[in-house]
There are 2 protein chains.
Amino acid sequence: MAEPTPAVTRQSLAAAALRVLERDGLAGLSMRKVAAEVGVRAASLYWHVRNKEELLDLLNDALIADAEIPPREGSWREQFLEYGRRHRALLLARRDAAKVVAGRLAPGPHTLAVLEDQLDRLRAAGFGDADAAMASYLLSAYVQGFVLQEQSPLSAAEAAGASRGEAARAAGETFRTLPGDTYPNLVALADDLTDPDMNTRFEFGLQRLADGLAALLPQGGTASGGPS
Amino acid sequence: MAEPTPAVTRQSLAAAALRVLERDGLAGLSMRKVAAEVGVRAASLYWHVRNKEELLDLLNDALIADAEIPPREGSWREQFLEYGRRHRALLLARRDAAKVVAGRLAPGPHTLAVLEDQLDRLRAAGFGDADAAMASYLLSAYVQGFVLQEQSPLSAAEAAGASRGEAARAAGETFRTLPGDTYPNLVALADDLTDPDMNTRFEFGLQRLADGLAALLPQGGTASGGPS
DNA sequence: AGCAGCCCCTAACATCGTTAGGGGCCGGTC
DNA sequence: GACCGGCCCCTAACGATGTTAGGGGCTGCT
């Protein structure tokens with residue numbers, strides 16, 4: 001597998017870190033493993049990188065790297081939605097991607113490109129400068145927060161075999177058997193709270209965001225509940 | 001300080017962990033330090049707690065414990081906004097609280113109480129069961145995502161002395177000096193993107209959420225852009 | 001007296017991020 | 001040809017981490 005790598009670059013480091021991340025998760029990503037992945041011993045990494053933090057910054061941008069920007073067609077609303085969906089898909093695609101990205105603003109080149117494109121579309125849609133900036137911030141905050149919650153274990157029945165649907169059913173049971181006099185709403189909404197269909201859950205929030213933003217435009221964009 | 005603690009309970013563990021978190025941050029929170037805080041050696045913790053993970057679950061609920069639920073007055077919208085503001089304030093109040101809470105769904109008793117109250121108000125406002133559940137999920141996802149981004153270092157000028165405003169100005173300079181032909185929007189919106197006023201940034205998103213949710217109600221709640 | 005549970009201990013394990021210091025190799029300069 | 005400085009990697013080690021194994025008191029019940 002690992003041929004005598006001709007040169008270790010920051011790029012190859014990022015690629016190696018990405019492979020380790022996929023294999024062992026964020027908790028299992030160590031300097032030594034990344035070093036081994038590029039055919040080198042741990043201490044040598046510090047020639048290319050100041051910290052593990054800096055390595056994670058590299059990894060962060062490498063994750064954003066394969067973000068596909070949505071086609072420039074349809075209403076601004078449809079483009080906005082697509083942006084949100086693809087961002088979520090990106091975070092879900094690679095193991096622990098959300099945890100890596102969370103709390104890591106340091107923008108690499110790929111991140112900058114995505115942000116630039118996003119702002120361009122928002123301004124073209126008629127949003128003011130401040131609103132456009134805040135809207136893009138809002139979207140990324142929502143997506144990151146959502147995926148982070150989505151991927152967190154529902155309780156203690158986490159990595160231990162339990163599938164997502166199974167864990168959801170267990171959580172539902174937990175809610176349903178709560179004391180009904182102190183937690184009437186939790187009991188009543190047990191099914192809704194533990195609905196494992198994360199796609200529609202995400203879509204719900206996304207539509208609310210789009211609606212809220214649409215109200216900012218002079219003509220007030222098309223309403224949300226349209227057919228089809 | 002540390003008197004010969006009569007008994008180590010899960011409660012006292014949570015309190016100790018909270019103290020260590022405030023002093024040394026999440027990265028500096030180790031089993032040994034928490035143990036020392038309760039007057040015990042590290043291995044003894046494993047009698048009360050299975051994992052460090054479980055300790056963090058305890059800590060998580062201890063953080064939520066001092067959440068003050070907003071007064072039950074005003075429109076549902078005002079109550080919704082207050083909920084968001086207080087949740088953010090809570091996460092900002094304690095060091096690294098957002099990082100602890102992020103990706104930790106396991107609901108302790110305090111978390112359940114807050115959720116119960118939130119759902120009660122949303123249903124009283126007229127939201128359907130599924131919508132109420134999703135709305136509360138939406139709010140917490142936004143708040144967590146926002147605070148997480150808010151607290152992440154703006155670039156490499158992080159813990160190194162630079163104040164928030166100073167870091168923001170540096171980041172603005174970074175954006176402003178980007179190649180203007182490939183990043184015209186980033187250059188143009190440099191000031192808006194790096195505006196250090198996080199309160200209005202947060203409020204913006206919160207208002208958008210409220211607007212989006214209001215559109216779901218039959219009478220369509222009062223519009224956002226009111227005077228005052 | 002003895003047994004059982006509770007609660008804490010000392011040691012130790014493997015692994016981690018990081019630093020110190022050394023050594024080849026490669027280009028250019030006297 | 002000799003020297004030299006930058007580049008890139010090495011071995012060794014430091015302190016700290018989460019976690020487990022095994023032991024030992026103490027309390028209360030039989």
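Convention: sequence-line order gives letters A, B, ...; per-chain numbering from 1. The structure displayed is predicted, hence computed values, not measured ones.
One atom, CG of Leu55(B), and another, C1' of dG18(D), lie 12 Å apart when rounded to the nearest Å. In this structure, the CD atom of Glu54(B) is 15 Å from the P atom of dG18(D), given to the nearest Å.
Checking dC9(D), dC7(C), dC8(C) against every side-chain atom of Ser44(B), the shortest atom distance belongs to dC8(C). For Arg41(B), the side-chain atoms get nearest to dT10(C) when compared with the rest of dC9(D), dT10(C), dC8(C).
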Problem set entry | Reading 5' to 3' through nucleotides 14-23 of chain C, protein heavy-atom contacts under 4.0 Å coded B for base, S for sugar-phosphate only, - for none | --BBBB----

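Taking a 6.0 Å sphere around CZ of Arg23(B), one finds it holds more than 12 heavy atoms contributed by other residues, nucleotides or ligands. For Glu173(B), the CD atom sits in a packed shell: over 12 heavy atoms of surrounding residues, nucleotides or ligands are nearer than 6.0 Å.
The phosphate of dC8(C) has OP1 or OP2 within less than 4.0 Å of a side-chain N or O from His48(B). At dC7(C), one or more side-chain N or O atoms of Trp47(B) fall inside 4.0 Å of OP1 or OP2 (strictly under the cut-off).
Of the candidates Leu18(A), Leu29(A), Leu26(A), Leu91(A), Val100(A) forms a side-chain contact (heavy atoms from CB on, under 4.5 Å) with just one, namely Leu26(A).
Side chain of Ser44(A) to backbone of Val40(A): no donor-acceptor contact under 3.5 angstrom is found. Looking at Lys99(A), its side chain never comes within 3.5 Å of a backbone N or O of Leu148(A) through a donor-acceptor pair. A donor-acceptor pair is defined here as one N or O able to donate and one able to accept, closer than 3.5 Å; such a pair exists between the side chain of Glu116(B) and the backbone of Asn185(A).
For DNA chain C, if you chain together Watson-Crick or G-U pairs that step i with j, i+1 with j-1 and so on, the runs of at least three with distances under 3.5 Å are C:1-30 with D:1-30.
With respect to the salt-bridge test (charged N to carboxylate O, under 4.0 angstrom), the residues Arg201(B) and Asp195(B) do not qualify. Using a cut-off of 4.0 Å between Lys/Arg side-chain N and Asp/Glu carboxylate O, Arg10(B) and Glu54(B) are scored as salt-bridged.
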